[in-house]
Amino acid sequence: MLSIYSLDFPLFYFISFSLFSLDSFPKSMDWEPLAAAKASISPYDLLFQALALIPFSHYFFAASFLFLIFLYRFLEIHFLHDLLTLFRGDPVTLTYNSCSDLAQSVVANCKILQGRYLATPWLSSPHLQTAFLSFLGRPPPLTYRRHLFRAFDGGTIALDWLTYTDGDKTPIVIVIPGLTSDSAAAYVKHLAFNLARQGWNVVVSNHRGLGGVSLTSDCCYNAGWTEDLRKIIDHIRCEYPEAPLYAVGTSIGANILVKYLGEDGANTPLFGAAAICSPWDLLICDRFINRRPMQKLYDRALTVGLQGYAQLHQSILSRLANWEGIEKSSSLRDFDNHATRVLGKFETVDTYYRRSSSTNYVENVSVPLLCVSALDDPVCTSEAIPWDECRLNENIILATTPHGGHLAFYEGITASSIWWVRVVNEFFGVLRISPHIEGRKKMQGSTMPKPLQSSIDQAPYLNVMEDGMVTAMSNEQTDAFVEDISDADTTHSKKDEGTISDKGTSVDLTDKLNPEKQIKQQVEQNVKDLIVPVQGRIDKLSRRSRQSIWLLVYISIITTWPFVGSVLLSVLKRRFKTFKPGTLFRK
């Protein structure tokens, strides 16, 4: 045991001096030497000497404990909260219009929305969940069937199908991925696999330039670009007129989907939709992602992803945008200023954020819409959620959870399933048998357009492998499949395999046109029928062989001869209408 006499003399002297006052000693004692010694001792020296007596292991344990507290706060871990609540999870908060019969009936039949969400215990942090989804994800093994959709401006959009059956009446779910994500993303595969297993046909609409497809036009996607989604939905509706259409958007894809629903209102052919982790207000999210050190890490990570996207299409983007600024961008705002704003022809970055935010279109949504957001989302802040607008709209159900991260929502001890995937699956299943949807089917059935006569490029079929690479296949069809689905035919319907064009326009049968207008539209359609093949062949030849100019001329003459010949024949008939061969002999 440590004895007080073993201490150094100054320390012992200081302790002794503090225990007894000067009055307790005889007044005849000379205190001047003692006072001088006391003045010469530094209190910090005494403190350091006392701290030096504490074992190093105690300091290590104290430092580790403080670091764990810092990490617990920094990563927003909620394991202790889950432990104190005996891992029962937190209830799901639902926000909807209480006067809406549709919302009440849907909520009453969605048991998952009425329950609780408990995150995976070893992923009890929004940052751990989001990182796990990005780097591991544990996606199910599956293979897509790829179709290439050719837009009017020449752009190419990859449509990756995962089908349950080839029936024309099987409901179809259109998936719109997030920023720089495509059909190979883990959460997209989780969603497609579970929906296909429950009897849905799933098609992932990849953004332009993603999914292993090059940019083939000067048009690029952004957070508010809804034209591609509109064309894809119209095309699928025309090709499968008897199949109910649904849509799921994630992150930026959710913002695009909600904006599209608000723009088209009741004219959209969708029967239901789901928006998962939507940013809602891009301006608020831009302020949020630059507020804290952890959010700045996400900002930097997303910027690097966009720079990688730009590197893939440098030949086009370097010509259209500020390439030097793109390479030096250190944040999303910098990238949007040098690239997105320029390509979208917006005056400022804030203008782009304001005009592209879906929160401005929430009140016009006219189809059942489920919105799922986590209050601890580290990318899309809950400050941007339009609570009042969602509550006023009778078609919207907003489900929020205290935890979940960004698009993660892993559950179970093995983190093998995603909670919001089960919610979307149940929500669409309830809508599928809802009487409100049956009424919408009858309403849309009376205005169903005829399928478009699209020009099809007989290109080889493409297949998307598990590593995200696009591989060419033979001209014969191959089946897409979903593993672990018993007695399920996953062969895709044989409609428009290959490259599909949207240069045709759909005609609404309910429009009552006068005869002159019908004749005019018929003439315009005939001209388009002649021009479209020519344009398609010119594009193909110009891309593949610029040296085949004579072949190009020959094909142009052959394809335009019916039109040119008819015009020449009509001109000759009018020119020689009064000509009589007998007059030549008389002369």
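Every value quoted in this text rests on a predicted model; they were computed, and no experiment measured them.
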Step by step, would you call E363 with L392 a side chain to side chain contact (heavy atoms under 4.5 Å, CB included)?
CA-CA 8 Å; E363 60 181 357; L392 291 176; over 6 Å; no

Can you confirm whether the side chains of [X] and [Y] place a donor and an acceptor under 3.5 Å from each other?
| X | Y | result |
| --- | --- | --- |
| S329 | T303 | no |
| D336 | Y353 | yes |
| D334 | S331 | yes |
| H406 | S251 | yes |

Q.
Set out, in order, the CA-CA distance, both residues' side-chain angles and the distance that settles side chain to side chain contact (heavy atoms under 4.5 Å, CB included) for V213 and N206, then state yes or no.
A. CA-CA 9 Å; V213 178; N206 297 283; over 6 Å; no

Return each pair, listed once, that meets salt bridge (charged side-chain N to carboxylate O under 4.0 Å, His left out) where at least one residue sits in residues 206-223; pairs must be two or more places apart or across chains.
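Sorted pair list: D153-R208, R208-D228, D218-R319.
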
Salt bridge (charged side-chain N to carboxylate O under 4.0 Å, His left out) partners of residues 98-119, not counting sequence neighbours, each pair once =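 Not a single pair qualifies under salt bridge (charged side-chain N to carboxylate O under 4.0 Å, His left out).
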
Got a donor-acceptor contact below 3.5 angstrom from the [X] side chain to the [Y] backbone?
| X | Y | answer |
| --- | --- | --- |
| Q104 | C99 | no |
| D376 | G404 | yes |
| N222 | W225 | yes |
| W420 | L407 | yes |
| S125 | L75 | yes |
| T120 | G412 | yes |
| T216 | T156 | yes |
| N360 | R354 | yes |
| T348 | T351 | yes |
| S357 | L282 | yes |

Does [X] have any side chain to side chain contact (heavy atoms under 4.5 Å, CB included) partners at least two apart in sequence or in another chain, and if so, which?
| X | result |
| --- | --- |
| P386 | W280, T359, V362, E389, C390 |
| E394 | N97, S100 |
| R341 | N337, F346, V349 |
| A185 | S181, Y187, V188 |

Atom [atom1] of [X] and atom [atom2] of [Y]: how far apart are they, to the nearest 0.5 Å?
| X | Y | atom1 | atom2 | result |
| --- | --- | --- | --- | --- |
| T226 | I256 | OG1 | CD1 | 8.0 Å |
| D264 | L270 | CG | CG | 9.0 Å |
| F409 | I418 | CZ | CD1 | 10.0 Å |
| L215 | S217 | CG | OG | 7.0 Å |

So which heavy atom on [X] is nearest to which on [Y], and how close?
| X | Y | value |
| --- | --- | --- |
| L94 | A399 | CD2-CB, 3.7 Å |
| P279 | I252 | CG-CD1, 4.1 Å |
| I112 | V92 | O-CG2, 4.4 Å |
| R355 | Y361 | O-OH, 3.9 Å |
| A223 | N255 | O-ND2, 2.8 Å |
| P378 | Q295 | O-NE2, 3.3 Å |

Side chain to side chain donor-acceptor pair (under 3.5 Å) partners for [X], two or more places apart:
| X | value |
| --- | --- |
| S105 | none |
| R422 | E411 |
| H190 | none |
| E227 | R230 |

- Query: Going by the angle between their ring planes, with limits at 30° and 60°, are W200 and F428 parallel, tilted or perpendicular?
  - Reply: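 Because their plane-to-plane angle lies in the 30° to 60° range, the rings of W200 and F428 count as tilted.
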
With a cut-off of 6.0 Å (strictly less than), are more than 12 heavy atoms of other residues, nucleotides or ligands near CD of Q114?
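Result for CD/Q114: enclosed.
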
Quick one, L317 with L343, criterion side chain to side chain contact (heavy atoms under 4.5 Å, CB included). Give me CA distance, side-chain angles, the key distance, then yes/no.
CA-CA 9 Å; L317 297 182; L343 295 172; 3.7 Å; yes

Please enumerate all residues that pass ring pair (Phe, Tyr, Trp, His ring centres under 6.0 Å) together with H127, with sequence neighbours excluded.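 Ring pair (Phe, Tyr, Trp, His ring centres under 6.0 Å) list for H127, sorted by chain: Y298.
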
Partners passing ring pair (Phe, Tyr, Trp, His ring centres under 6.0 Å) against Y410 (at least two apart in sequence or in another chain)
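F132.
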
Report the C-alpha separation of R287 and D350 in whole Å, then their side-chain angles, then the decisive distance to 0.1 Å, and conclude whether the salt bridge (Lys or Arg N to Asp or Glu O under 4.0 Å) test is met.
CA-CA 11 Å; R287 303 293 188 267; D350 285 353; 3.7 Å; yes

Q) Could R391 and D388 be called an ion pair, given the rule that one side-chain N must be under 4.0 Å from one carboxylate O? A)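 D388 and R391: salt-bridged.
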
L302 vs V379, side chain to side chain contact (heavy atoms under 4.5 Å, CB included): CA-CA, chis, key distance, verdict: CA-CA 10 Å; L302 293 173; V379 179; 4.2 Å; yes

